[in-house]
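We're numbering straight along the sequence, starting at 1.
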Amino acid sequence: MANNLSALPSTLSKSTPFTVSPSQPAQSFCPKPSQNPVFLPSHQLSLYPDGAFASYGDDNDDDDEKPREECGVVGIYGDPEASRLCYLALHALQHRGQEGAGIVSVNDKVLQSVTGVGLVSDVFSESKLDQLPGDSAIGHVRYSTAGASMLKNVQPFVAGYRFGSVGVAHNGNLVNYQALRAKLEDNGSIFNTSSDTEVVLHLIAISKHRPFIMRIVDACEQVEGAYSMVFVTKDKLVAVRDPYGFRPLVMGRRSNGAVVFASETCALDLIEATYEREVFPGEVVVVDKEGVQSLCLMTHPQAKQCIFEHIYFALPNSVVFGRSVYESRRAFGEILATEAPVDCDVVIAVPDSGVVAALGYAAKAGVPFQQGLIRSHYVGRTFIEPSQKIRDFGVKLKLSPVRAVLEGKKVVVVDDSIVRGTTSSKIVRLLKEAGAKEVHMRIASPPIIASCYYGVDTPSSEELISNRMSVEEIRTFIGSDSLAFLPIGSLKKELGGESPNYCYACFSGKYPVEPREVKVKRVGDFVDDGLNGSLESIDGGWIPANPNQKEIEGREDTVLRV
């Protein structure tokens, strides 16, 4: 990668100081695929020159029915309260991971770390934050995909190598992790965790490139899959996003000039940082005392950003991939009302992720939206079931029907997705037991037929109900009077010119980056205790890399409903 740095624009040279004041807005440039990567002052350009990308500037737990985002990351440079701001930002990202949290700060060129299992508020206290002084920090909230949440797998990770120490926090999933780890172990590397993220640290440590930023580039050229990462060293903060841009990463700035990176803009809002732009797919942004600089990681293909960020993962008040999540979900609900109308008395939502789409449906249909289901926010991930005789105990504990809204009514209930279908069937039964005359399910996403390999925890394709059943069969299974999904063609039409920049693999089974191994890790760090057994022996932790999946053919312009 370093050899390509000779291909600089004629107006620049490698000796040109590419710096900006911390008070200047940071923007970036990545060359189109036919060009070599270049360094440019971060304040010069903000769009891809070829216009290829839109502007970024302007089983007891019923939640297991939903896909889970792997994690959230944050990085802060240039604020004396960096670790405390990081702590607050992680609170805003708590929905992206609830099983572990950590912060690494830099003080007097020394990296200091506090990590723990549990929610952000469980892990950090005033005394713990006192252990993290310094004006730069990175943080991470984690969701593990199976088994126990082990402390050794909680990020950020910190490692020392011959030129110093580096910390990293990673959102995503590397599809060639197993092969890379095996190769590194054959060459003598020793791993402390069972996380794919640790591979990146090993690749940085063994890289022959200088300076440090080129070690990151060298490492990223060898990994495949999804990664939005923030690194911290004794004097730098680095943010990087994979060339496809699967997972989100945004950049902002506080009034004192501190630069902030986060998985979502809601984290920027909480710590009063102004959103500036996305970190571009394939971009490396370096922040140090000289200012903000940008490097294009490598020639990049068409971006393939995760559409499920807009369907489910992100908070409605976030801007993800340059687009308001709230406006996206409201539009999805309006499309359902237009293309899958039904005679009804009231529209309700499965809280909380179905609320905005339900509002859109109700407004478009001219039918009142009401709270027909009340969600309890005080139920943890585990609880003791007092009696097997209590049917649908888990759902009833978390969702309470409002009989006054439902009784004798024809009800449209809007949810964001159906995964296995078991929770949907329980919800339909709950509504009918509360007196609903009819229950019509409307799903604000296309049917999910394929597993994700890019940082989302989804079941194997065999477990996905839409991969096994037709829409009519699903309707019968869940017991609703009608069922309609958001047509994928209408979804793409709503996205307009940005549509080609999104990944729809979970709806089609067509993967932008095909897993090259016989098996790949199913999103994240599950795994053994790190002491006993090989990775190959982990039961249930791996799924086929190229499952024979059916695809949605000829459905793009039809309404998927019965």
_Assess whether a salt bridge exists between Glu334 and Arg329, defined as any Lys/Arg side-chain N lying under 4.0 Å from an Asp/Glu carboxylate O._
no
_Under a 3.5 Å cutoff, is there a donor and acceptor pairing between the side chains of Arg442 and Ser482?_
yes
*Any salt bridge between Glu327 and Arg330, counting N to O under 4.0 Å?*
no
*Give a yes or no on whether a salt bridge exists between Lys432 and Glu438, defined as a side-chain N under 4.0 angstrom from a carboxylate O.*
no
_Pair Asn317, Asp269: side-chain N/O donor-acceptor within cut-off below 3.5 Å_ = no
*asked:* Any salt bridge linking Glu126 with Arg84? Criterion: basic side-chain nitrogen under 4.0 Å from a carboxylate oxygen.
replied: yes
*Distance only, no hydrogens: is a donor on one side chain within 3.5 Å (strictly under) of an acceptor on the other, for Glu272 and Ser255?*
no
*Rounded to the nearest 0.5 Å, how far apart are OG of Ser451 and CD of Glu463?*
8.0 Å
*CD1 of Ile271 to CD of Glu81: how many Å apart, nearest 0.5 Å?*
12.0 Å
*Salt-bridge test for Arg253 and Glu276: reply yes if a basic N is under 4.0 Å from a carboxylate O, no otherwise.*
yes
_Test: Arg277 and Glu283 ion pair at under 4.0 Å_ = yes
*In terms of ring plane angle, is the pair Phe321 and Tyr502 parallel, tilted or perpendicular, where the classes change at 30° and 60°?*
perpendicular
*State, without any angle test, whether Ser228 and Asn171 hold a side-chain donor-acceptor pair at a distance under 3.5 Å.*
no
*Is it true that Arg468 and Glu473 make a salt bridge, defined as a side-chain N closer than 4.0 Å to a carboxylate O?*
no
